[in-house]
Amino acid sequence: MTRKKDASSGRGWRFALPPAIAGIVVTVGAALAMTATDQASFCGSCHSMAEAAFTHKTSVHAELACNECHAPHNLAAKIPFKTKEGTRDILATVTKTIPDLIHPGEETKEVTQENCQRCHGATTSTVVMQSKKFCTDCHRHVPHSPKIPVAKRSAADA
């Protein structure tokens with residue numbers, strides 16, 4: 001009887017192992033996908049973001065991934081934010097309703113503001129932000145320089 005009990009308990013891992021492996025594969029795959037879709041090479045692969053990716057390469061923030069600034073850092077907030085924004089971008093691309101000038105919405109501005117302050121908190125702690133709501137109201141061109149010759153721009157700079 002002892003032998004039968006040992007045999008049945010030995011089979012339990014066979015049932016637990018496939019879901020555990022699947023969980024690991026899904027987790028690693030999601031992490032890799034999240035990292036890949038944060039990068040300028042991914043963002044710039046769409047025609048509508050080519051200009052932003054090009055200007056980002058020459059900026060002081062060139063070493064940062066796009067979503068270091070443009071997405072929440074808290075994973076629980078980042079996943080739904082990226083899903084919503086990505087879906088919006090895909091729909092605009094598929095329906096060919098991409099505006100000539102892409103301006104961030106209020107939620108994106110708030111996320112960007114949090115990220116500016118996260119990285120530059122020591123510098124901005126002495127800045128009075130009463131005249132403007134967002135850092136980018138004054139520093140609009142820090143990550144995306146407008147210093148590209150007009151002949152090489154794909155859209156107007158405003």
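Residues take their numbers from the sequence shown, with the count starting at 1.
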For the side chain of Thr108 and the backbone of Pro104, is there at least one donor-acceptor N/O pair under 3.5 Å apart?
-> no

CD of Glu106 to NZ of Lys133: how many Å apart, nearest 0.5 Å?
-> 4.0 Å

Heavy-atom pair of closest approach, residues Leu64 and Cys69 | CD1-SG, 4.4 Å

Is there a chain of hydrophobic side chains (I, L, V, M, F, W, Y, each step under 4.5 Å between heavy atoms) that links Ile24 to Leu32?
-> yes

Using 4.0 Å as the upper bound for N to carboxylate O, is an ion pair formed by Lys82 and Glu85?
-> no

Same cluster for Ile98 and Met49 if Ile/Leu/Val/Met/Phe/Trp/Tyr side chains link at under 4.5 Å?
-> yes

Value for SG (Cys116) from NZ (Lys109), rounded to nearest 0.5 Å, stands at 12.5 Å

Distance col, row His56:NE2 vs Cys66:SG, nearest 0.5 angstrom, shows 5.5 Å

Measure the spacing between CZ of Arg88 and OG1 of Thr83 and express it to the nearest 0.5 Å.
-> 13.0 Å

From Asn115 atom CG to Asn67 atom CG, the distance as rounded to the nearest 0.5 Å = 9.0 Å

Could you tell me whether a side-chain N or O of Asp38 sits under 3.5 Å from a main-chain N or O of Thr35, the two making a donor and an acceptor?
-> no

Side-chain contact, heavy-atom cut-off 4.5 Å: Gln113 with Gln117?
-> yes

Find the distance between SG (Cys119) and NE2 (His61) and round it off to the nearest 0.5 Å.
-> 7.0 Å

Who are the salt bridge (Lys or Arg N to Asp or Glu O under 4.0 Å) partners of Glu110, not counting sequence neighbours?
-> none

For Thr95 and Leu91, work out which heavy atoms get closest and say how close.
-> OG1-O, 2.6 Å

Are Phe81 and Glu107 close enough that some pair of their side-chain heavy atoms sits under 4.5 Å apart?
-> yes

